[in-house]
Structure formats: C-alpha cells, structure tokens
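Structure first, commentary second.
The shown structure was predicted, so the numbers you read here are calculated from the model rather than taken from an experiment. Every number for a ligand or one of its atoms is a count from 1 in the order of the listing. Sequence positions, counted from 1, serve as the residue numbers for this chain. Every heavy atom of this structure was used, including side-chain atoms; hydrogens, water molecules and symmetry mates were not.
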Amino acid sequence: MTAHNTLDNLTMLMHRYDGVFVLTDEQVAKCCLPVVLNMYQLSLADTPTLILPAGEEHKNLSSVQRIWDFLFEQGATRNSLLINIGGGVICDMGGFAASTYMRGIHYMNIPTTLLAMVDAGTGGKTGIDYTPQSAEGSIGSLKNAIGVFAEPVETIIRLELLATLPAEQLLSGYAEMIKHAILQGRKQLDELLEYDLRQTATPAFGELIRQSVAFKQSIVEQDPHDKGLRQILNYGHTIGHAIEALMLCKSKVESQKSKAEIRNQRSAKPHGYCVMYGMVAETYLSHLIYGMPAEVVSTLSRFMLENYGAAPITCSDFDDLVQLMLHDKKNKEQGTIVCSLLQDVGKPVVGQPITIEQLREATEYLCSL
Ligand SMILES: NC(=O)c1ccc[n+]([C@@H]2O[C@H](COP(=O)([O-])OP(=O)(O)OC[C@H]3O[C@@H](n4cnc5c(N)ncnc54)[C@H](O)[C@@H]3O)[C@@H](O)[C@H]2O)c1
Ligand SMILES: [Zn+2]
C-alpha cells in the first residue's frame, strides 16, 4: 500500500501536476467513482473523466485511441497525471496510454478489484490485447501482446472499494494472493487457506493484501523486466492460461449456437479461477518432478473444490490445451512447454521444461477431482 492514502498526501501529490485526469469504466463509474471522489474531496466538474465500456473485450487499441483523444482534447501536457480507477483492464490500459502519450506522462492506480489491488495495479506491466489486422475475424486477440514497462507513481489501495465487488471477482483476486503465498512459505499459505473470505473490510484482510503486494514488489524490484526471477509469478499460469483461452474459445463458439443448444455451455471463467485450476495441476507437476509433498497437492485441491469448483475441462480437452501451451510466449524454443514450478512451498524454480506425458498426467489428475 502507499503513503498517499490520506487526503493531504494525495492532494500534495496532485499539486505537483498541471492537470489531473481520470480514467474509469462504466461499471466502476457507478459503484466506485462517487466513493473515490468523495474520499479525496474531488468533484467531477473539476476532474475531466473518461468513462469507457467495461470488460476485457475493450482492452484494445481503439480504447487507447479514445484515451489519447481525451487527453489531447482536455489539454493534458507532459506534466499531467492520469488516475486509473478500476480493475486490471483499466489499470493496464490507462498505464499504457499514459506511458505513450507525449512519450510518457505519470499515472496513478486506484484499483477497485482484488485482482488489481494485489497484482495488476503494481509491477509496471502495462498494455492491451492485440488483434493483427490480417487476422481480424479469424483468431482471437493476443493477450497483453502490446505494452510497455512503466511503473505508476502511486497505487492507492482502499478496502472500502471492495464492498460492491461480486464474490466471483473476489475469489479471482484471492487466487493470485494464494499464488503469492505458496511462493513465499507455509505460514503465508496456511493463513490464506484458513481465512474467512466473508471478512474483507477488516484490518486483518488489509494486512493480507499488504503482504501480498509487498511480496510482488520485492520480486519485481529484483527483476523489473521479467528476465528471470519474476517468472516465478507465472506459477499456475502455463496451464491456467491454456484453460482460460480454451474456455473463451468454447464460450464464443457456443454463444453462436441457438439457446436450446447451449443449455450445458461452459462459460468463460474469471482469470483467477483458471489460475487456481492451473496451480493445482502445476502443484501436481511439482510433486511429480520435484517431490513436492503430496499433502500440499491434496490441501490445495480441496481448497479449489470448496471455493472454485471442479475445473471446467475434461480429458478430451487435452490436445487443445497442449496446442495452446505450445503457443505460450514464455516458451523460448519452439515445441517445448516451460513452467515455473515449486520444489516445495516457498521454493520456486523457473524455466522447467515439461514433457507431454507429465502434462497428461497432471491434466488427468485435475480432471479427476
Ligand atoms: N499488469 C499486470 O501485472 C497484470 C496482472 C494480472 C492481471 N492483469 C490484467 O488484469 C485484467 C483483469 O483484471 P480484473 O480481474 O480486475 O478485470 P476487470 O478490470 O475487467 O474488472 C472485472 C469487472 O469488475 C468490475 N468492477 C471493478 N471494480 C468493481 C467494484 N469495486 N465493484 C463492482 N464491480 C467492479 C469491472 O467493471 C469489470 O466489469 C486482465 O486484462 C489481465 O491481463 C494485469
Ligand atoms: Zn494472473
């Protein structure tokens, strides 16, 4: 968290700029913007605000164009500040638009989802999804394929903004907190596995968030440009991203069918759900390859089933998942699949190549739950 949580500190920070502009989305504008304006005694009349449609499908170049247009129209200079108020989509996209406007102006994040508080709001990765013009209409967009590294000047975390967040989104962010904890150690992991998630407005939950952010920041400081150590943060994401992409493809195909046919449709899951499924499979891989205690695999599996449900895949999805993993941008050589794994809780290893057979076994385990 940050020293600028108080009104005086934020006001002091904003006075350093000759213009302050706000970016948010339609949903957040309804449930959080009034809270933030009130919190910092700002008025909409004095704070030019751009409200974009909500959702990952708007994390693209045309939204960035709208942000640049807005900044130019409102007279933003090289000494202006953009404040992103929203989830990971707004933080990533606003950060990218600010870092490229007039070769880069400062930006600040006020994350409103748990995922953005503990992950997207810090670490300096900004960007958008990208659909190559030649491929429009044929393939989906490439996630986070265009962007720059640029740290926000501040990330302000206010727990009261979580009050309106749907339970599914809360669990999505919680999965990234579990990821940070399993990379840290047994004490941190147990604390999260035992926490009563209905209590999010408490100092105890604020402390868990603070620890999670501090851990991410300590890793990012050592490897800001993701050349080595930072890749431990990809834990659960090799298999998790493949499940996420597969769900997205299937829900697109199925939404084109008639309603009668989609009674059993598998809908796209929030990112953190897929990370949770990926972490269970990759903890199983860690057990296979490094002897991670079986008890950790079963504890995490139980936690997944109780809170996130079974993974929405079957063994017949295996070939599609492998194809998606072969296209993962983390693989350095064509034809290999690389994971970040754990020798034990708190002992991460990066760049572990995985065989198809090992992957099959881990996927079969996940599907058996
Ligand atoms: N830069 C990074 O390091 C990093 C890390 C992780 C994820 N990400 C990115 O973050 C994005 C996902 O972030 P997200 O899960 O926050 O999604 P999101 O920004 O789409 O927010 C999810 C939904 O919740 C709504 N919402 C936000 N705050 C709310 C609140 N307080 N109450 C009610 N509704 C609210 C939003 O309008 C949106 O509809 C992805 O694009 C991902 O690539 C980036
Ligand atoms: Zn993630």
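Using a 4.0 Å cut-off between heavy atoms, E26 makes no contact with ligand 1 at all. Residue-level proximity to ligand 1 for E244 is absent, since no heavy atom of it falls below 4.0 angstrom. By the criterion of a heavy-atom distance under 4.0 Å, the side chain of D92, and not its backbone, is placed next to ligand 1. Contacts between E176 and ligand 1, counted as non-hydrogen atom pairs separated by less than 4.0 Å, are absent for every part of the residue.
For the Zn ion (ligand 2), the set of protein N/O/S atoms nearer than 2.8 Å consists of E176 OE2, H237 NE2, H271 NE2, ordered by chain and number.
You'll find the side chain of M177 stays beyond 4.5 Å of the side chain of F215, heavy atoms only. Put simply, the side chain of K269 reaches to within 4.5 Å of the side chain of P312, judged on heavy atoms. The closest side-chain heavy-atom distance from C367 to I313 is below 4.5 Å.
For C32, the heavy-atom gap to ligand 1 drops under 4.0 angstrom. Ligand 1 does not have H271 within reach: every non-hydrogen atom of the residue lies 4.0 Å or more from it. Ligand 1 is approached by K143 to a heavy-atom distance shorter than 4.0 Å. Contact between M93 and ligand 1 is absent, with no heavy atom of the residue lying under 4.0 Å from the ligand.
Outside the 6.0 Å centre-distance limit, the rings of Y174 and Y195 are not counted as a close aromatic pair.
For ligand 1, the atoms lying closer than 4.0 Å to a non-hydrogen atom of V28 are 26 (N), 27 (C), 28 (N), 37 (O). Atoms of ligand 1 lying under 4.0 Å from any heavy atom of C31, numbered from 1 in the order shown and given with element: 30 (C), 32 (N), 33 (C). For ligand 1, the atoms closer than 4.0 angstrom to any heavy atom of T112 are 27 (C), 28 (N), 29 (C), 30 (C), 31 (N).
Shortest contact from atom 18 (P) of ligand 1 to any protein heavy atom: V89 CG2, 3.9 Å.
Selection from G86, G88, P53 by nearest heavy atom to atom 10 (O) of ligand 1 gives G88.
With hydrogens and angles disregarded, a donor-acceptor distance shorter than 3.5 Å links the side chain of S80 to the backbone of T77. Listed for the D25 side chain is a donor-acceptor partner under 3.5 Å among the backbone atoms of V28.
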